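Input: a single structure, listed below in structure tokens.
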Amino acid sequence: MAKVGIIMGSDSDMAVMSKAAEVLDEFGVDYEMHIISAHREPDVLYKWAQECRENGTKVIIAGAGMAAALPGMCAALFPLPVIGIPMHTASLGGRDSLYSIVQMPSGVPVATVAIGGGKNAGLLAVKILAVSDNSLLAKIEEYNAKMKKEVEDKDARLQEAGYKNYVK
């Protein structure tokens with residue numbers, strides 16, 4: 001049973017969406033990934049979103065560019081959390097996607113990460129699931145401790161070498 005559904009409107013989004021999948025892999029969270037266009041396949045999207053609920057999916061991560069309808073449509077069809085990832089676009093740098101996702105109408109929320117923020121979308125999905133899963137919560141705490149240690153090690157190296165000799 002996939003706990004997270006990952007969906008994108010185009011395979012051009014794969015580089016970003018794969019970052020969310022990598023995080024879920026790291027934490028051992030089951031997911032399914034699909035390419036479904038909200039504009040070209042609304043019937044397929046509707047069926048998939050309905051099946052997600054029936055199949056036990058707890059969170060959807062939806063990436064979209066330009067008009068960015070996919071996250072909002074998922075939120076309209078799926079009663080549990082949806083995380084939107086705005087994609088970088090050539091014409092407006094992803095601001096069009098960002099605005100489309102964050103400006104949802106009242107009553108249809110979509111949690112939104114940064115433009116191209118696949119990794120954070122994966123982490124947010126894990127944190128949502130960790131609310132009711134103590135083993136995931138422990139993994140999040142370990143992950144946070146590891147990040148803290150990495151920064152402390154970098155600072156120690158800086159203090160020892162000085163900024164002129166600091167090598168990343």
Side-chain angles (χ1 to χ4, degrees), residues 2-27 29-49 52 57-131 139-140 143-144 146-148 150-151 153-155 158 163 166-168:
K3 290 185 178 181
V4 178
I6 299 175
I7 185 172
M8 64 200 93
S10 169
D11 63 353
S12 64
D13 303 334
M14 187 63 73
V16 171
M17 302 308 287
S18 66
K19 300 293 186 214
E22 289 168 6
V23 168
L24 298 175
D25 285 337
E26 180 179 347
F27 283 90
V29 173
D30 293 329
Y31 61 92
E32 64 176 5
M33 182 183 284
H34 295 278
I35 299 169
I36 302 173
S37 171
H39 294 108
R40 295 178 187 95
E41 308 176 289
D43 56 327
V44 175
L45 175 61
Y46 184 87
K47 183 177 186 292
W48 178 78
C52 278
T57 298
K58 303 295 183 201
V59 181
I60 291 176
I61 299 173
M66 301 173 74
L70 194 57
M73 286 304 299
C74 286
L77 297 167
F78 182 71
L80 295 171
V82 174
I83 302 166
I85 306 174
M87 295 295 154
H88 185 271
T89 57
S91 57
L92 296 172
R95 290 183 305 281
D96 48 345
S97 311
L98 175 66
Y99 294 155
S100 293
I101 297 171
V102 299
Q103 294 295 343
M104 291 299 299
S106 181
V108 188
V110 174
T112 309
V113 296
I115 296 168
K119 182 175 182 177
N120 273 353
L123 286 168
L124 182 54
V126 172
K127 287 184 173 191
I128 290 169
L129 295 172
V131 167
K139 289 179 183 180
I140 287 284
Y143 180 87
N144 290 341
K146 179 181 169 191
M147 284 194 310
K148 179 182 177 186
E150 289 172 359
V151 174
D153 291 348
K154 290 175 184 180
D155 183 57
L158 173 62
Y163 80 92
Y166 182 84
V167 179
K168 290 183 183 177

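Keep in mind it's a predicted model, so treat the numbers as computed, not measured.
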Over 12 non-hydrogen atoms of neighbours within 6.0 angstrom of CE in Met66: no

When you look at NZ of Lys119, are more than 12 heavy atoms from neighbouring residues, nucleotides or ligands closer to it than 6.0 Å? no

How close do [X] and [Y] get, counting heavy atoms only, and between which atoms?
{"X": "Ala75", "Y": "Val108", "value": "CB-CG1, 3.7 Å"}
{"X": "Pro86", "Y": "Gly94", "value": "CB-O, 4.4 Å"}
{"X": "Ile115", "Y": "Met87", "value": "CG2-C, 3.9 Å"}
{"X": "Gly63", "Y": "Leu70", "value": "O-CD2, 3.6 Å"}
{"X": "Leu24", "Y": "Gly122", "value": "CD2-O, 3.9 Å"}
{"X": "Val110", "Y": "Thr112", "value": "O-OG1, 3.1 Å"}

When rounded to the nearest 0.5 angstrom, what distance separates [atom1] in [X] from [atom2] in [Y]?
{"X": "Asp30", "Y": "Asp25", "atom1": "CG", "atom2": "CG", "answer": "9.5 Å"}
{"X": "Lys127", "Y": "Asn120", "atom1": "NZ", "atom2": "CG", "answer": "8.5 Å"}
{"X": "Leu98", "Y": "Ile85", "atom1": "CG", "atom2": "CD1", "answer": "12.5 Å"}
{"X": "Asp11", "Y": "Met17", "atom1": "CG", "atom2": "CE", "answer": "12.5 Å"}
{"X": "Ile7", "Y": "Tyr31", "atom1": "CD1", "atom2": "OH", "answer": "15.5 Å"}
{"X": "Phe27", "Y": "Leu123", "atom1": "CZ", "atom2": "CG", "answer": "5.5 Å"}

Please determine whether side chain to side chain contact (heavy atoms under 4.5 Å, CB included) holds for the pair Met14 and Met33, giving the CA-CA distance in whole Å, both sets of side-chain angles, and the decisive distance to 0.1 Å. CA-CA 10 Å; Met14 187 63 73; Met33 182 183 284; 3.8 Å; yes

With the side chain counted from C-beta on, respond yes when Val4 and Ile61 share a heavy-atom pair under 4.5 Å apart, and no when they do not. yes

Donor on one side chain, acceptor on other, Trp48 and Glu41, under 3.5 Å: no

Going by side-chain hydrogen bond (donor to acceptor under 3.5 Å, both in side chains), name the pairs with one or both residues in residues 95-111, residues two or more places apart or in two chains. Thr89-Asp96

Partner of [X] by side-chain contact (heavy atoms from CB on, under 4.5 Å), out of [options]:
{"X": "Cys52", "options": "Ile60, Val59, Leu77", "answer": "Ile60"}
{"X": "Lys3", "options": "Val126, Leu129, Ile128", "answer": "Leu129"}
{"X": "Cys74", "options": "Ile83, Leu45, Ile36", "answer": "Leu45"}

Could you check Lys154 against Tyr166 for side chain to side chain contact (heavy atoms under 4.5 Å, CB included), going step by step and ending with a plain yes or no? CA-CA 9 Å; Lys154 290 175 184 180; Tyr166 182 84; 3.4 Å; yes

